[in-house]
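See structure below.
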Amino acid sequence: MKIGVLALQGAFSEHMKMLQRLGVTAVDVRLPEQLEGLDGLIIPGGESTTIGKLARTYGLMEPLRLFAQEKALWGTCAGMIFMAKGISSSSAGKDQPLLGIMDIEVERNAFGRQVDSFEVDLDVPALNNGYVKPFPAVFIRAPRLLGVKGTASVLATLPDGTAVAAQQGKWLVTSFHPELTGDGRFHAYFLKLAEGSS
Ligand code: GLN
């Protein structure tokens, strides 16, 4: 199993470490040709406007869309924004290239300036964890899901009902950063999606 991590900007090395810990070959991806032979790709957190502009500069936009048609893709935080079809106009950057593949609408920086980062124990039914083993979710200037449409479905919500993780086929998005915790269950879940594609 070989998984790529888009390494244009942001928290990519933490994802690579987690993948290696799970026994997977992790490849940092900066150019279109590096997508070849991968079973899946993670788009990390960081700054979604910067990731989008760099992806455009490096000619990655179309290759990434083509890759996603067949393979598993997971966007964490900024990566989730980049994968979305829609972004609330008030939160969108002036020049914000989006892959625009997943049937979700997001709002950037949805938790306000006062609360830049926080950690919450999440029940994620897809991980089968419940209250016995909640997932420690770290939010950093995080987006939230405003709309989850088509064949996409919500995987996790905050106690107030705010949707913060979703799946559409082999595409996964999380508002939070599983790579910053010692908990590999979300990565293991993504690896299962990647195994099923190809
Ligand atoms: N606030 C960033 C953005 O809008 C995302 C933050 C993150 O990825 N931790 O792109």
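Counting convention: from 1, in listed order, for ligands and their atoms alike. All values reported here derive from a predicted model rather than from experimental measurement.
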Quick one: look up the protein heavy atom nearest atom 4 (O) of ligand 1 and list residue, atom name and how far away it is. Arg108 NE, 2.7 Å
Enumerated ligand 1 atoms positioned under 4.0 Å from heavy atoms of Ile81: 3 (C), 4 (O), 10 (O)
I want to know if ligand 1 touches Ser48 in the polar sense, i.e. an N/O pair below 3.5 angstrom. yes
Gly45 to ligand 1: N or O pair under 3.5 Å? no
Among Gly46, Pro143, Gly79, Gly10, closest by heavy atom to atom 8 (O) of ligand 1 is Gly46
Ignoring angles and geometry beyond distance, decide whether Thr76 reaches within less than 3.5 Å of ligand 1 through its nitrogen or oxygen atoms. no
Check whether Phe12 forms a cation-pi arrangement with Arg30 (NZ or CZ under 6.0 Å from the six-membered ring centre, at most 45° off the ring normal). yes
Establish, from distance only, whether the side-chain atoms of Thr151 and Gln168 form a donor-acceptor pair under 3.5 Å. yes
So which protein heavy atom does atom 7 (C) of ligand 1 come closest to, and at what separation? Cys77 SG, 2.7 Å
Under a plain distance cut-off of 3.5 Å, with no hydrogens placed, do Gln167 and Ser153 share a side-chain donor-acceptor pair? no
Any salt bridge (charged side-chain N to carboxylate O under 4.0 Å, His left out) involving residues 40-66? Give me the pairs, sequence neighbours left out, ordered by first then second residue. Glu47-Arg108, Arg56-Asp95, Glu62-Arg65
For the hydrophobic clusters of this structure (ILVMFWY residues joined by side-chain heavy atoms under 4.5 Å, transitively), does one cluster hold both Trp171 and Leu6? yes
How close does the nearest protein non-hydrogen atom get to atom 1 (N) of ligand 1, and which residue and atom is it? Asn109 OD1, 2.7 Å
Is Lys2 salt-bridged to Asp39, going by a charged N under 4.0 Å from an acidic O? no
